[in-house]
Amino acid sequence: MIKAIKGTRDILPQESAVWNRVEETAREILSVYGFSEIRTPVFESTELFARGVGEDTDIVAKEMYTFDDRDSRSLTLRPEGTASVVRAYLEHQVHRDPQIWKVYYLGPMFRRERPQKGRFRQFHQLGAEVLGSDHPAIEAEVIELLQLFLDRIGVGETELLVNSIGCSRCRAGFVQKLKAALADKEDGLCPDCRRRRQSNPLRVLDCKHGPCQPVIETLPSILDCLGEPCRLHFDQFLGHLKRRDIRFKVVPRLVRGLDYYSRTTFEITSPGLGAQNALVGGGRYDGLAEVLGGRPTHGFGFALGLERVILLCQQGDSPPAAGRPQLFIAPLGEPAFDRASLMARDYRRQGIRCFLDFVPRSLKSSLRLANKLQSGHVLIVGENELKTGEFPLKRMRDGQQILVRQEDVVSRLGNG
RNA sequence: GUGAGUGUAGCUCAGUCGGUAGAGCACUGGAUUGUGGCUCCAGCGGUCGUGGGUUCGAUCCCCAUCACUCACCCCA
């Protein structure tokens, strides 16, 4: 039997009801905050991600679904959304627009990782980006929006982690200091970290290996190495958070995995998720547009893992029952079925959720089914009724039954 | 890419110290010739993941393989 491939899955009707609820809530809140939807292609030129995300990142180095098109151009299924949004901004010369650009996207991303709890090869992200502003308040406002969203869909306890990794100039200085500090610390480090000392010293800070921790404690903090403008920016950002009563934790070792980040970075985690506990990741990426060959453009945004958020929703209350019929039509015999089909067409045109089965059933079995589907009413269409033109309409809640003519059925349904 | 755990009915799982399997739920029908939910009765449903080995005999033991799950790594 052919099965869905590893790391992909079906979202069946019961679950899609939850997805719809979450997505609707997101669209509503994003719209209130002035964001419009953007839909970019799910595949792009490989170069976009290689340059935009960074050649040295795990994503580009070993997780992308890359293939040659028939004209042997290299294409890649998008592993994240930000690079595409910035590409679109540049391609359509949006900078000519005097306002800042606030867009959101929602859709599948692809990374070839080993699946585990909360991690898939095709997964879904909700992302939002603000292009054209370097104001620290917009950063706080985006986080405020996120908290409202997470609160409204009910994911329970979360923690906001923030940091600043400075601009490229601060970071260059810091990396030097870091390398110096790590030079004589070889013994206390795991093999991975030893390698990273030279290739990507920032990652050492992010190592979760127990034995490495004592060494990491002694390393300089990036926050002490920020230049004056970056220091000020970060302080203002934190001030805007405080003003909004948003609780946060400054984590100097929070180094995000994508190369394009600068200054503010943040992450929202949940204790209810297992090892993959990041619900949202984001930050500022002021250098990205230039890396992609465009004019210098400020950018700030986040990506939120929908699977992870939905995992948390389902731990709470059960999802709402999807589309229960308002009217279940139970035909008895073939002539009655033909008539019932036309009645169903009539009622559906009036917007009534009608259920009409195609397999012949006894009345008892029809009622059982109607009950299982939680139908509001059952309309019995039998041979006697065809003659008299009056049909028993049964209210399932209390079993009360009345005789009505075809055209009076809808007005008798009430809101049951 | 690495490690560990698990694969038995549609679902959740028992079980056989090696003699070709069972429960609950679900499903179908009956108790009520055209009236649901509760209850009772009956029925349907399994190449015991796949391939090989040991054995008179393997779902059980051994090997391989695949799938799923969790963790490492990394991230949403």
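- A salt bridge links A:E139 with A:R284: the distance from a Lys NZ or Arg NE/NH1/NH2 to an Asp or Glu carboxylate oxygen falls below 4.0 Å.
- Consecutive pairing runs in RNA chain B reach the stem threshold at B:1-7 with B:66-72, B:10-13 with B:22-25, B:27-31 with B:39-43, B:49-53 with B:61-65, where a stem means at least three Watson-Crick or G-U wobble pairs with distances under 3.5 Å.
- No contact: A:A370 has no heavy atom under 4.0 Å from any strand.
- The separation of B:U12 from B:C27, taken at their C1' atoms, amounts to 16 Å, rounded to a whole angstrom.
- Annotation: B:U47 and B:U8 have their P atoms spaced 13 Å apart (nearest Å).
- Applying the salt bridge (charged side-chain N to carboxylate O under 4.0 Å, His left out) rule to A:D398 yields the partners A:R395; only residues at least two apart in sequence or on another chain are considered.
- The base of B:G37 lies outside donor-acceptor range of the side chain of A:Q374, with no N or O pair under 3.5 Å.
- Base engagement by A:I380 is indicated by at least one non-hydrogen atom pair under 4.0 Å involving a base atom.
- Nucleotides B:A26 and B:C17, compared at atom P, are 32 Å apart to the nearest Å.
- Between the side chains of A:E307 and A:H124, a donor-acceptor pair is found at a separation under 3.5 Å.
- Looking at heavy-atom distances under 4.0 Å, A:F328 makes no contact with the nucleic acid at all.
- With no hydrogens or angles considered, a side-chain donor-acceptor pair links A:R339 and A:Q406 at under 3.5 Å.
- Looking at the side chain of A:D58, the nearest of the listed nucleotides B:U35, B:C74, B:A76 is B:C74.
- With both ends at atom C1', the span from B:G46 to B:A21 equals 9 Å, rounded to whole Å.
- For the P atoms, the distance linking B:C68 with B:A31 amounts to 47 Å, nearest Å.
- RNA chain B lies under 4.0 Å from no heavy atom of any residue of residues 37-44 of chain A.
- Considering only the side chain of A:E63, B:C74 comes nearest among B:C73, B:A71, B:C74.
- Checking A:E129 against A:Y285 by side-chain atom types alone, a donor-acceptor pair falls below 3.5 Å.
- Contact check on A:R39 versus A:E37 returns a salt bridge, with a Lys/Arg side-chain nitrogen under 4.0 Å from an Asp/Glu carboxylate oxygen.
- In this structure, A:Q116 reaches the B:A71 phosphate: one of its side-chain N or O atoms is under 4.0 Å from OP1 or OP2.
- Here A:K3 lies in heavy-atom contact (under 4.0 Å) with sugar-phosphate atoms only.
- Both A:G282 and A:D398 lie close to RNA chain B; mapped to their nearest nucleotides by heavy-atom distance, the more 5′-ward contact belongs to A:D398.
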Any N/O pairs under 3.5 Å between the protein and nucleotides 11-13 of chain B? List them or say none.
none

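- Between B:C70 and B:C63, the two P atoms lie 26 Å apart (nearest whole Å).
- Using a 4.0 Å cut-off between a side-chain N of Lys or Arg and a carboxylate O of Asp or Glu, A:E113 and A:K62 do not qualify as a salt bridge.
- The minimum heavy-atom distance linking A:T40 with A:S84 is given by the pair OG1-CB, 3.6 Å.
- No more than 12 heavy atoms of other residues, nucleotides or ligands shown are found within 6.0 angstrom of CD on A:E334.
- Closest approach to the A:P392 side chain among B:C70, B:G34, B:C72 is made by B:G34 (side chain taken as heavy atoms from C-beta onward).
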Between the protein and nucleotides 1-7 of chain B, list every N/O to N/O distance that falls short of 3.5 Å.
from: B:U2; atom 1: O4; to: A:R114; atom 2: NH1; distance (Å): 2.6

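- Checked for salt-bridge contact, A:E144 and A:R244 meet the test: a charged N lies under 4.0 Å from a carboxylate O.
- Residue A:L332 is in base contact, counting any heavy-atom pair closer than 4.0 Å across all strands shown.
- For A:Q125 against B:C75, a side-chain-to-base donor-acceptor contact under 3.5 Å is absent.
- Here the closest heavy-atom approach between residue A:I246 and residue A:Q147 is recorded as CG2-OE1, 3.6 Å.
- Residue-to-nucleotide proximity on RNA chain B shows that, of A:G118 and A:Q401, the 5′-proximal contact is made by A:Q401.
- By the 4.0 Å N-to-carboxylate-O rule, A:E15 lies close enough to A:R9 to be salt-bridged with it.
- In this model, a donor atom of one side chain and an acceptor atom of the other lie less than 3.5 Å apart for A:Y104 and A:R27.
- Other residues, nucleotides and ligands contribute over 12 non-hydrogen atoms within 6.0 Å of the OH atom of A:Y33.
- A distance below 6.0 Å separates the ring centres of A:F328 and A:F355.
- B:C60 and B:C48 are spaced 9 Å apart, taking the P atom of each and rounding to whole Å.
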Every protein N/O within reach of nucleotides 25-31 of chain B N/O, cut-off under 3.5 Å:
from: B:C27; atom 1: OP1; to: A:K372; atom 2: NZ; distance (Å): 2.7

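- Annotation: B:G18 and B:C11 have their C1' atoms spaced 30 Å apart (nearest Å).
- When the shell of 6.0 Å around CZ of A:R412 is examined, it contains 12 or fewer heavy atoms from other residues, nucleotides or ligands.
- By the 4.0 Å N-to-carboxylate-O rule, A:E159 lies close enough to A:K249 to be salt-bridged with it.
- Checked by atom type, the side-chain pair A:T264/A:S164 shows no donor-acceptor distance below 3.5 Å.
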